[in-house]
Undergrad: 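Before we start, here is the structure in question, set down as structure tokens.
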Amino acid sequence: MTDDDMDEAMRWSVLMDSLEERSAEAVAQSQQAADALQRAAQDAASTAKRITAQALEEFRRAASGAVENGLRYPLEDASRKLEDGVGRIESAMQTLDAHIKVQSRMLAAYAWKTFVASALAALVMIGVAVYMGLYARQEITRAEWVGEINAAVANGKLVACPGGGLCVYRGKKLERLDQ
């Protein structure tokens, strides 16, 4: 395995680690955002209910005093309109809560898809690393064999036969290898 191959494998490994970290960060941030949005919706609904209850109580107090002055019907109409408005606010809050739940599910699905993609990419990287290791081992074995042949040629043990072919010296006798 050459240094370039090792560098390439290391770059892939660093890239995969970076993708996995980003994926985990995106999942965490998405979940935090969904949680914060849900808390805000719940707080808004709670505040709307509290303010509505206070307003209704004030209207009731005012209505009891105004009944004596002939304002009973206008105050009751205003109270009905206020209750209708509160009903619309509660309905809107429920719709918002339903949308938040849907978004939370979508974010969770996205997080899982990102995790699966990262895992598959990591498996591919492991496969590439195993292949590169096996290929490097073959090349090392081949290089050792070529080194032994070169050493035999350098020592004069392996020579070209006079009639062509490959010969080796065994003691003082020249023997053909290709027969």
Undergrad: Looking at NZ of K157 and CD of E148, how far apart are the two atoms once the value is rounded to the nearest 0.5 Å?
TA: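 Result: 14.5 Å between the selected atoms.
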Undergrad: Classify the angle between the aromatic ring planes of Y131 and Y135 as parallel (below 30°), tilted (30 to 60°) or perpendicular (above 60°).
TA: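 Rings of Y131 and Y135: parallel, under 30°.
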Undergrad: Using 0.5 Å steps for rounding, measure from the CD atom of Q103 to the CD1 atom of I100.
TA: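 Atom-to-atom, Q103:CD and I100:CD1 are 9.0 Å apart.
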Undergrad: Could you walk me through whether V168 and L174 pass the side chain to side chain contact (heavy atoms under 4.5 Å, CB included) test, one step at a time?
TA: CA-CA 6 Å; V168 64; L174 188 63; over 6 Å; no
Undergrad: Should L177 and V153 be regarded as members of a common hydrophobic cluster, given that ILVMFWY residues are connected when their side-chain heavy atoms come within less than 4.5 Å of each other, either directly or indirectly?
TA: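 Yes, L177 and V153 fall within the same hydrophobic cluster.
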Undergrad: Nearest 0.5 Å please: distance from the CE atom of M132 over to the CD atom of E139.
TA: 10.5 Å
Undergrad: To the nearest 0.5 Å, what is the distance between CD1 (I89) and CG (L96)?
TA: 13.0 Å
Undergrad: Taking atom NE2 of H99 and atom CD of Q94, what is their separation to the nearest 0.5 Å?
TA: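 So the NE2 of H99 and the CD of Q94 are separated by 12.0 Å.
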Undergrad: Check whether D84 reaches the backbone of R80 with its side chain - one donor and one acceptor, N or O, closer than 3.5 Å.
TA: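 Here the side-chain-to-backbone pair does not exist.
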Undergrad: To the closest 0.5 Å, what do you measure between CG (N150) and CH2 (W145)?
TA: 11.5 Å
Undergrad: Contact between L158 and C167 at the side-chain level, heavy atoms closer than 4.5 Å - yes or no?
TA: no
Undergrad: Keeping S91 on the side-chain end and G87 on the backbone end, is there a donor-acceptor pair under 3.5 Å?
TA: no
Undergrad: Specify the closest pair of heavy atoms between G165 and R176, including all atoms of both residues, with the distance to one decimal.
TA: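 Closest pair (atom of G165, atom of R176, distance): CA-NH2, 3.8 Å.
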